[in-house]
Peer 1: 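I'd like to ask some things about the structure below.
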Number of protein chains: 2
Amino acid sequence: MADPAKRLPLLPAERALKVISGRWKAIILYHLWDGSKRLSELGRLLPGVSQKVMIQQLREMEEHGLVNREVFRQVPPRVEYSATELGLSLEPVLLALCDWGRHHAEELDELDRVTDCRTSRRPSLLKHSSLSSGESLHRRS
Amino acid sequence: MADPAKRLPLLPAERALKVISGRWKAIILYHLWDGSKRLSELGRLLPGVSQKVMIQQLREMEEHGLVNREVFRQVPPRVEYSATELGLSLEPVLLALCDWGRHHAEELDELDRVTDCRTSRRPSLLKHSSLSSGESLHRRS
DNA sequence: GGCCATACTTACCTCTTGGTCTGTATCATA
DNA sequence: TATGATACAGACCAAGAGGTAAGTATGGCC
């Protein structure tokens with residue numbers, strides 16, 4: 001059930017893109033970098049994403065080694081999802097993508113249509129803030 | 001017909017992914033970094049990609065400001081596609097993706113299923129270096 | 001026994017992407 | 001007049017990703 005059969009592209013760049021670009025994978029990873037999360041927690045963090053879809057994304061990421069799934073045999077089921085080493089190693093890459101994304105928006109005069117690279121986890125805030133410059137938010141150096 | 005209406009994602013990272021991840025966009029860009037190319041040239045460089053699809057990809061990239069389309073009013077039509085500043089600025093990003101892609105393959109013991117990050121522009125060479133039927137192209141790093 | 005929370009699964013539907021195949025416009029040249 | 005090279009456009013199709021809505025399993029707790 002792991003990786004057999006359905007192979008990834010031969011070109012590394014395409015492989016990377018294929019692995020990363022699922023509708024919700026990037027944001028899910030952003031959240032998992034903050035620590036492991038239960039399915040229900042992710043659901044709360046990303047309202048608008050149905051449970052089925054969330055699980056789909058997580059499973060694919062698991063197959064690709066980005067995410068770890070840990071099951072606790074408890075009464076109300078408890079499952080924790082966390083980023084693997086591979087998942088963590090994506091941080092600089094996604095950060096680069098984020099920076100370029102803003103650069104792209106800037107060049108097209110659409111800076112008002114993108115969020116800050118760190119506020120990604122709060123897309124609803126963008127209304128007021130144009131681009132928060134105050135740093136903050138440091139994680140695993 | 002440029003960018004109105006169909007907006008890109010709010011999250012910069014997703015925006016970047018959306019712009020980059022078309023089936024042939026990455027490879028096309030690799031080639032355009034080497035200099036502008038005519039449609040027919042790209043066709044020769046990427047056999048297996050139909051003209052219609054090639055044009056599709058190029059047009060989308062044009063809309064997103066990655067590619068420039070220059071028409072020469074000549075007898076047998078002549079159109080040159082080249083990378084814009086924005087397109088060129090993607091090089092380090094794609095390189096990062098490529099590196100990570102190889103890293104990913106390495107971690108999953110599939111280094112024999114990816115090419116080198118620079119040979120991307122010559123996918124036709126794979127034939128000799130074996131990869132479909134023959135050995136692996138090993139590449140310690 | 002019935003209820004509850006959690007984490008799924010399944011059936012089904014829609015829209016986008018990428019793909020094939022064929023048609024068209026241009027105009028120098030044979 | 002027919003041909004040929006180049007760059008498209010259009011009709012059509014298949015697969016897949018993502019979405020909705022509903023059902024299932026578990027086992028303490030009232």
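What you are looking at is a predicted structure, and each value in this text was computed from that prediction instead of being measured. Just so it is clear: chains get the letters A, B, ... in the order the sequence lines come, proteins before strands, and each one is counted from 1.
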Peer 1: Output yes when at least one side-chain N/O atom of B:R59 is less than 4.0 Å from OP1 or OP2 of D:dC8, else no.
Peer 2: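 The answer is yes; a side-chain N or O of B:R59 sits under 4.0 Å from OP1 or OP2.
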Peer 1: With respect to the phosphate group of C:dT6, does any side-chain polar atom (N or O) of A:R38 fall under 4.0 Å of OP1 or OP2?
Peer 2: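 No, A:R38 has no side-chain N/O under 4.0 Å of OP1/OP2 on C:dT6.
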Peer 1: Return whichever of B:E80 or A:V49 has its heavy-atom-nearest nucleotide of DNA chain D closer to the 5' end.
Peer 2: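 Result of the comparison: B:E80.
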Peer 1: With nearest nucleotide decided by heavy atoms, which residue, B:V71 or A:R23, maps closer to the 5′ end of DNA chain D?
Peer 2: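 Nearest nucleotide further toward 5': that of B:V71.
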Peer 1: Can A:E110 and B:R15 be counted as an ion pair, charged N to O under 4.0 angstrom?
Peer 2: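 Looking at A:E110 and B:R15, the cut-off is met.
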Peer 1: Look at A:R69 and C:dC8 and indicate whether a side-chain polar atom (N or O) is within less than 4.0 Å of OP1 or OP2.
Peer 2: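 True: A:R69 side-chain N/O within range (under 4.0 Å) of C:dC8 OP1/OP2.
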Peer 1: Please determine whether a side-chain nitrogen or oxygen atom of B:S40 lies at a distance below 4.0 Å from atom OP1 or OP2 of D:dA5.
Peer 2: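 No, because none of the side-chain N or O atoms of B:S40 sits under 4.0 Å from OP1 or OP2 of D:dA5.
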Peer 1: Establish whether the base of C:dG19 is bridged to the side chain of B:K52 by a donor-acceptor pair shorter than 3.5 Å.
Peer 2: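 A donor-acceptor contact between them is present.
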Peer 1: Taking any heavy-atom pair under 4.0 Å as a contact, classify B:L39: base, sugar-phosphate, or nothing.
Peer 2: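 Touches sugar-phosphate only.
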Peer 1: Classify A:F72 by what it touches in the nucleic acid, base, sugar-phosphate, or nothing, heavy-atom distance under 4.0 Å.
Peer 2: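 The answer is nothing, as A:F72 stays clear of every strand by at least 4.0 Å.
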Peer 1: Please classify the nucleic acid contact of A:Q57 as base, sugar-phosphate, or nothing, using heavy-atom distances under 4.0 Å.
Peer 2: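 Sugar-phosphate contact only.
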Peer 1: Counting just side-chain N and O atoms, does B:R78 come under 4.0 Å of either OP1 or OP2 of D:dA7?
Peer 2: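 For B:R78, the contact criterion (side-chain N or O under 4.0 Å from OP1 or OP2 of D:dA7) is not met.
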Peer 1: Under 4.0 Å, counting only non-hydrogen atoms across every strand here, what does B:V79 touch: a base, just sugar-phosphate, or nothing?
Peer 2: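 Answer is sugar-phosphate: B:V79 comes under 4.0 Å of backbone atoms only.
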Peer 1: So if I take every side-chain heavy atom of A:S50 and compare against D:dT20, C:dA5, D:dG18, which nucleotide ends up nearest?
Peer 2: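 Among D:dT20, C:dA5, D:dG18, the one nearest the side chain of A:S50 is D:dT20.
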